[in-house]
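Letters A, B, ... mirror the listed sequences (proteins, then strands); counts begin at 1.
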There are 2 protein chains.
Amino acid sequence: MQVICPKFYFCMMALKKRRSDCPISTALDVFGDKWTLLIIRDMMFKGKRYYGEFLNGEEKIATNILADRLMSLEQAEIIHKNVDPSHGAKFIYKLSPKGIDLLPMLVEVILWSAKYDRKTAADALFVEQALKDKDKLLKDIRNGLQR
Amino acid sequence: MQVICPKFYFCMMALKKRRSDCPISTALDVFGDKWTLLIIRDMMFKGKRYYGEFLNGEEKIATNILADRLMSLEQAEIIHKNVDPSHGAKFIYKLSPKGIDLLPMLVEVILWSAKYDRKTAADALFVEQALKDKDKLLKDIRNGLQR
DNA sequence: TAATTTACTTGTATTTTGCAAGTAAATATA
DNA sequence: TATATTTACTTGCAAAATACAAGTAAATTA
């Protein structure tokens, strides 16, 4: 999307009609594409925080798509963007509570792929723990994210 | 996608490179778009089974997109397509076990929207039950889907 | 002070999506 | 039996999104 004036971006977004009020539909309006959840995955499970880190993920997202998705994630308040205090040229992207709350969904996605995708790279120990005590796993990951 | 020869569609799909072996990435290769999960939602929670029913959902999917997504869902073995025994001109689409196993993920999506989307149409009773006894809710919905 | 790093923006080609219209087979109606 | 209707699509085209390459500006490092 071409943002002519950032100040009115929120306004534009507000006007951009949601397809319906269905909870699944409105969620897909935010992350229903091939890239958004991969950025969230990188923050959630791989500890990535910088633009360059996302850019160098193994799926090789294009730089303009990355910039677009980071902006829409920030707009949706799923992530927050701040100047890196120890390096003024860098921005740190981190999950908001709303973003962290996507964890249970992502865990279910992982479990589904682990069950049906023969070539999945899902971590066996992760899957085992999720099947044995999901609440504990979720809590452990959340604790790691707070910091 | 333009399918020149349906017999070789599977072959084409096999060649179509997955972006990575990450379980989230491969899942998004299948349902990472604005429409696929809405079709699954219609089958899962609204009991829809016919092409025309999906077409008339409130989000108004385009007919060519619907045809494309039904084909890719069938290819992914998330749904099965059969002639309607009581009406030879109609096809019945139904979820496979693999499709039904997307239920936990969809419930998490609903809960996330219910928590953060002020205008969500998520059913309050559904949300309440999911928060109180998720396993029971999942089991109940699965029972309703078996038949 | 110059080179490098970081986080982008811009331009363009390709692909996907959205919309309208058309079609073919099966079924329902006259 | 002939005609109309329903169902599940396909086709064509315009618009939007995506991918890729190149360029840029601010901050940092050498």
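- Leu138(B) and Pro104(B) make their closest contact through CD2-CA, 4.1 Å (heavy atoms, listed as atom of the first residue, atom of the second, distance).
- Atom-to-atom, CG of Leu66(B) to P of dC19(C) comes out at 14 Å; the value is rounded to the nearest Å.
- The side chain of Tyr50(A) lies closest to dA7(C) when the candidates are dC20(D), dG18(C), dA7(C).
- Ile65(B) has its CD1 atom 14 Å from the P atom of dA20(C), to the nearest Å.
- Taking only side-chain atoms of Thr63(A), from C-beta outward, the nucleotide of dA7(C), dA22(D), dT18(D) with the closest atom is dA22(D).
- Remark: the backbone N or O of Pro23(A) is paired with a side-chain donor or acceptor of Ser113(B) at under 3.5 angstrom.
- Close to dA17(D), at under 4.0 Å from its OP1 or OP2, lies no side-chain N or O of Trp35(A).
- Atom CD1 of Ile61(B) is separated from atom P of dG18(C) by 8 Å (rounded to the nearest Å).
- At least one test fails for Lys48(B) against the ring of Phe54(B): distance under 6.0 Å to the centre or angle within 45° of the axis.
- Within 4.0 Å (heavy atoms only), Lys60(A) reaches no atom of the nucleic acid at all.
- A straight line from NZ of Lys81(B) to P of dA8(D) spans 9 Å, rounded to a whole angstrom.
- Of all heavy-atom pairs between Leu70(B) and Ile79(B), the closest is O-CD1, 3.6 Å.
- Set against dT10(C), dT18(D), dT17(C), the side chain of Arg69(A) has dT18(D) as its closest nucleotide.
- Between Met71(B) atom CE and dT16(C) atom P there is a gap of 12 Å when expressed in whole angstrom units.
- Between Phe126(A) and Val107(A), some side-chain heavy-atom pair lies under the 4.5 Å cut-off.
- Contact between Glu58(B) and Lys46(B) at its shortest, heavy atoms only, is OE2-NZ, 4.1 Å.
- When rounded to the nearest whole Å, the span between CG of Asp84(A) and P of dA7(C) equals 9 Å.
- Taking atom OH of residue Tyr51(B) and atom C1' of nucleotide dT7(D), one finds them 10 Å apart after rounding to whole Å.
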Under a 4.0 Å heavy-atom criterion, the protein footprint on nucleotides 23-30 of chain D, written with B, S and -, is ----SSS-
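- Here the shortest heavy-atom pairing between Met44(A) and Gly99(A) reads CE-O, 3.9 Å.
- Between the C1' atom of dT6(D) and the CG atom of Leu55(B) lies a distance of 13 Å, rounded to the nearest Å.
- Both Phe91(B) and Lys34(A) sit near DNA chain D, but only Phe91(B) has its closest nucleotide nearer the 5' end.
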